[in-house]
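These notes concern the structure reproduced below.
This structure is a prediction, so every number in the text was calculated from the model and none was measured. We count residues from 1, following the sequence as given.
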Amino acid sequence: MTDEQAYKLGEWLRNNQNRPLTFMEKEMLKGIIDNSATIKDILESLGGLAGMIR
């Protein structure tokens, strides 16, 4: 994960920390976790998502 991706992920988490997750978001997170072998894999996947959102 690049520094920019980490920053975007942190920013997205701060901006959305109290927003309820939709069903699709929950399913997407489940899929990311199921397909990841390490915490790094999860963070990289979330960093990619944060880049897509902005």
Side-chain angles (χ1 to χ4, degrees):
M1 176 183 299
T2 66
D3 288 342
E4 182 180 352
Q5 288 172 321
Y7 176 80
K8 286 181 181 180
L9 177 58
E11 181 180 34
W12 186 86
L13 290 170
R14 281 188 301 279
N15 291 338
N16 293 282
Q17 63 185 341
N18 294 318
R19 183 180 59 79
L21 293 172
T22 65
F23 174 79
M24 290 305 296
E25 288 170 328
K26 289 178 186 178
E27 293 301 311
M28 188 175 5
L29 289 170
K30 288 177 191 176
I32 287 171
I33 291 167
D34 288 344
N35 293 318
S36 298
T38 65
I39 297 296
K40 180 182 177 186
D41 293 342
I42 293 171
L43 291 174
E44 287 177 350
S45 295
L46 291 174
L49 287 176
M52 290 175 18
I53 293 169
R54 286 280 169 171

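- Screening residues 27-36 for side-chain hydrogen bond (donor to acceptor under 3.5 Å, both in side chains) gives E27-K30 as the qualifying pairs, with residues at least two apart or on separate chains.
- Counting non-hydrogen atoms of other residues, nucleotides and ligands closer than 6.0 Å to CD of E4 gives a total of 12 or fewer.
- Within the model, atoms CG of L13 and CZ of R19 stand 10.5 Å from one another, a figure rounded to the nearest 0.5 Å.
- Partners of R14 under the side-chain hydrogen bond (donor to acceptor under 3.5 Å, both in side chains) rule, at least two apart in sequence or in another chain, do not exist in this structure.
- Taken to the nearest 0.5 Å, the CE atom of M28 stands 12.0 Å off from the CD1 atom of I33.
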